[in-house]
Amino acid sequence: MNNSERIDLTTKDHIQVCRSSALNDQFKEINVSRRWPYFFILFAATENATHCIESEKVAVPQGHFLFIGPDRFHAFIEAENDHFWVICFDYGFYARTPNDAYFIQNTPLFFDLSKVYISKPSLDL
């Protein structure tokens, strides 16, 4: 996705929280792999939640989070289904100070392109 195709999020401070099927209203063809300019945190709301990252299918257990950084090649496999709750935000939402920018650029959750980070919350949701 190049800058001319980028659709700025219309919610406060450039963050969107929605079910995965609602992303179809915000973006075109979310089931086609591309490099997104956003940070994604996906929460698996159902069993058999699967996401495609770098052309590999990644199974996310129900109740777990998947972290995806900007410019990572990925797609929603079943775009019409509500397998995930999605938090999608741009760099400007998080990096409001130099310390914020340093922290997010150096966290492996979003910028370790050699791994996929899946995490179970420490609290029961």
Side chain to side chain contact (heavy atoms under 4.5 Å, CB included) between Tyr91 and Phe39, intermediate numbers included: CA-CA 7 Å; Tyr91 190 74; Phe39 294 85; 3.9 Å; yes
Could you check Ser20 against Leu42 for side chain to side chain contact (heavy atoms under 4.5 Å, CB included), going step by step and ending with a plain yes or no? CA-CA 9 Å; Ser20 50; Leu42 306 181; over 6 Å; no
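Aromatic rings of Phe40 and His74 (six-membered ring for Trp) have centroids within the 6.0 Å cut-off, being under it. Taking the six-membered ring where the residue is Trp, the centroids of Phe73 and Trp36 are separated by 6.0 Å or more.
One hydrophobic cluster holds both Ile41 and Val17 under the rule that ILVMFWY side chains link at heavy-atom gaps under 4.5 Å. Following chains of ILVMFWY side-chain contacts shorter than 4.5 Å, one can reach Tyr117 starting from Phe103, so the two form part of one hydrophobic cluster.
Within the model, atoms CG of Leu113 and CG of Asp71 stand 9.0 Å from one another, a figure rounded to the nearest 0.5 Å. Taken to the nearest 0.5 Å, the CG atom of Leu109 stands 7.5 Å off from the OG atom of Ser119. Rounding to the nearest 0.5 Å places CZ of Phe110 at 11.5 Å from CZ of Arg72. Annotation: the span from Asp90 atom CG to Gln16 atom CD amounts to 11.5 Å, rounded to 0.5 Å.
Applying ring-ring contact (aromatic ring centres under 6.0 Å, His included) to Phe43 and the options Trp85, Phe67, Phe65 leaves one that passes, Phe65.
A 4.5 Å side-chain heavy-atom check between Cys52 and Val58 finds every atom pair outside the cut-off. At least one side-chain heavy atom of Ile53 sits under 4.5 Å from a side-chain heavy atom of Leu66. Under the 4.5 Å side-chain criterion, counting only non-hydrogen atoms from C-beta, His83 is not in contact with Ile77. Looking at heavy atoms from C-beta onward, Val60 lies in side-chain contact with Phe84 at the 4.5 angstrom threshold. Inter-residue side-chain proximity for Phe76 and Phe27 is flagged as unmet; no heavy-atom pair is nearer than 4.5 Å.
Nearest heavy atom pair, residue Arg34 against residue Glu29, reads NH2-O, 3.6 Å. Heavy-atom minimum distance, Ala44 versus Ala49: CB-CB, 3.8 Å.
A donor-acceptor pair under 3.5 Å is absent between the side-chain atoms of Arg35 and the main chain of Pro70, judged by distance alone. Counting only distance, with no hydrogens or angles, the side chain of Thr97 and the backbone of Asp100 share a donor-acceptor pair below 3.5 Å. No donor-acceptor pair closer than 3.5 Å links the side chain of Glu47 to the backbone N or O of Gln62.
The neighbour count for Gln105 CD, taken as heavy atoms of other residues, nucleotides or ligands under 6.0 Å away, is above 12.
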